[in-house]
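A short worksheet on the structure shown next.
Numbers restart at 1 for each chain; the letters A, B, ... are given by sequence-line order, proteins then strands. Keep in mind the model is a prediction, meaning the values are calculated, not measured.
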Number of protein chains: 2
Amino acid sequence: MPKPLNTRGKIVQAASKLFYSEGIGRVSMDAVAEKAGVTKRTLYYHFDSKDDLVAAYLDARDQPNLKQMAGWFAAAGGGPDEKVAAIFEALARSARHPKWKGCGFLRTTAELAALPGHPAVKIGARHKAAFAGWLAGEMESAGFEAPAALSRQILLLLDGAFSASLVHREASWFEEAGAAARALIRAHPRRPEASAAVGA
Amino acid sequence: MPKPLNTRGKIVQAASKLFYSEGIGRVSMDAVAEKAGVTKRTLYYHFDSKDDLVAAYLDARDQPNLKQMAGWFAAAGGGPDEKVAAIFEALARSARHPKWKGCGFLRTTAELAALPGHPAVKIGARHKAAFAGWLAGEMESAGFEAPAALSRQILLLLDGAFSASLVHREASWFEEAGAAARALIRAHPRRPEASAAVGA
DNA sequence: GTCTATAAGCCGATAGAC
DNA sequence: GTCTATCGGCTTATAGAC
């Protein structure tokens, strides 16, 4: 049950749908105001500029996105390789939805690549770093030797799958990436004294 | 020695620099005309629309880009794992250039994700498929069991490295991706009857 | 094939009222 | 905090002359 939104929340929700669906540069502030059911004066009361609204769009996606990834990981059975693969499988299912258009963080970063100091770009970098940090923690708990490096390699496959699936409009790239991630995890050395109780 | 360009070539060259540097939506046709040293009337004589010019921008990058990749691969010593790793190392060097802003094909696809039928999006997909096809041929010659699947996994790491390097402005992601690619190649089964003469 | 000039509309952002 | 109305600038694309 979606809890009732205040005006600011309605604006962010409307902006999120439009920015994700059309891209930042192709969505006008007029369109956001109309979709949110407010006037532009109200929109500019809550946000100083379009750049601020774009940053709020990504910021609103940060925590829910991370929780979704962690949820897929936690719900899956098997060892860490199978739990990571479950994330890729879930993303493959998402990518088959007709409205799917890739990763909002990556697409926004790509569109704003000429503006490295843009607040939304910083939020995107922070989000990806937070995901890698969470995954490294899980890999550490699973007893792997170099959890940070392993989580970075998994993230590379994840971002590659977002890109390739978008380029070719073919969700099976997530499954290919999941298979590669499984292979890298299985080949990764574990600590000798690892507390291999969990999921081993 | 850059061969002298005709008017159309000058326009494409100017458009390429601007589109890659700023992104499609942030470059006006006025800016392209001024940079190319022609008037807008001339620009619209050679190209029917901005969309056509964007397609020409990516099309002009297609073959040179593929040849550059193949050149790095061919120039490197060692087995196929080292030759693939050489591509990642060369891209890491490119990514350290201050003007580097990721992969033009991926960024254009991301920006135009709402327009799957756009001619430039199709050219981007064709380019990535051509790279994967070339790499699969090389992996086949090297005697690997499933060359197409292996080349797709390498491409995932490559596109992931483009994305991650752009997000974090940190070229070392290419080196991390190269290490992962080496690991996947080494772990990949070879055909029993492989003509393992080359690079083995 | 290239020039000058301009159409026609959309953009982000703002003003003043209540 | 929300409304109506609008500014000045920039956008893609086109018209007519040579």
Give the table of side-chain donor-acceptor pairs shorter than 3.5 Å for residues 90-100 of chain A, with sequence neighbours excluded, one pair per line with atom names and distance.
{"residue": "Ser94(A)", "atom": "OG", "partner": "Ala90(A)", "partner atom": "O", "Å": "3.2"}
{"residue": "Arg96(A)", "atom": "NH1", "partner": "Glu175(A)", "partner atom": "OE2", "Å": "3.3"}
{"residue": "Arg96(A)", "atom": "NH2", "partner": "Glu175(A)", "partner atom": "OE2", "Å": "3.1"}
{"residue": "His97(A)", "atom": "ND1", "partner": "Lys99(A)", "partner atom": "N", "Å": "2.9"}

Show me the donor-acceptor pairs within less than 3.5 Å that the side chains of residues 119-129 of chain B make with the rest of the protein, sequence neighbours left out.
{"residue": "Arg126(B)", "atom": "NH2", "partner": "Asp59(B)", "partner atom": "OD1", "Å": "3.3"}
{"residue": "His127(B)", "atom": "ND1", "partner": "Asp62(B)", "partner atom": "OD1", "Å": "2.7"}
{"residue": "Lys128(B)", "atom": "NZ", "partner": "Asp159(B)", "partner atom": "OD1", "Å": "2.9"}

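For Phe73(A), the ring pair (Phe, Tyr, Trp, His ring centres under 6.0 Å) criterion is met by Trp134(A), not counting sequence neighbours. Taking Arg61(B) as the reference, nothing meets the salt bridge (charged side-chain N to carboxylate O under 4.0 Å, His left out) condition, with sequence neighbours excluded. Applying the ring pair (Phe, Tyr, Trp, His ring centres under 6.0 Å) criterion to Tyr20(B), with sequence neighbours excluded, gives no partner residue. The ring pair (Phe, Tyr, Trp, His ring centres under 6.0 Å) test applied to His188(A) returns Phe144(A), not counting sequence neighbours. Considering only residues two or more places apart in sequence or on other chains, Lys101(A) meets the salt bridge (charged side-chain N to carboxylate O under 4.0 Å, His left out) condition with none of them.
The distance from atom CE of Met29(B) to atom P of dT14(D) is 10 Å, rounded to the nearest whole Å. Computed from coordinates, the Lys40(A) NZ to dG1(D) C1' distance equals 18 Å when rounded to whole Å.
Among residues at least two apart or in separate chains, salt bridge (charged side-chain N to carboxylate O under 4.0 Å, His left out) pairs with a member in residues 11-31 of chain A are Asp30(A)-Lys40(A). Applying the salt bridge (charged side-chain N to carboxylate O under 4.0 Å, His left out) rule to pairs touching residues 66-80 of chain A yields nothing, sequence neighbours excluded.
Listed pair Thr7(B) / dG1(C) fails the phosphate criterion, with no side-chain N or O lying under 4.0 Å from OP1 or OP2.
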Protein-nucleotides 15-18 of chain C N/O pairs under 3.5 Å:
{"residue": "dA15(C)", "atom": "N6", "partner": "Arg41(A)", "partner atom": "NE", "Å": "3.4"}
{"residue": "dG16(C)", "atom": "O6", "partner": "Arg41(A)", "partner atom": "NE", "Å": "2.7"}

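In this structure, Thr39(A) and Asp30(B) both approach DNA chain D, and ranking their closest nucleotides by distance from the 5' end singles out Thr39(A).
Of the residues in residues 16-28 of chain A, those with a non-hydrogen atom less than 4.0 angstrom from any atom of DNA chain C are Val27(A), Ser28(A). Contacts with DNA chain C (heavy atom under 4.0 Å) in residues 43-61 of chain B: Tyr45(B), His46(B), listed by number.
With respect to Glu138(B) and Lys83(B), no salt bridge is recorded, no charged nitrogen being found less than 4.0 Å from a carboxylate O.
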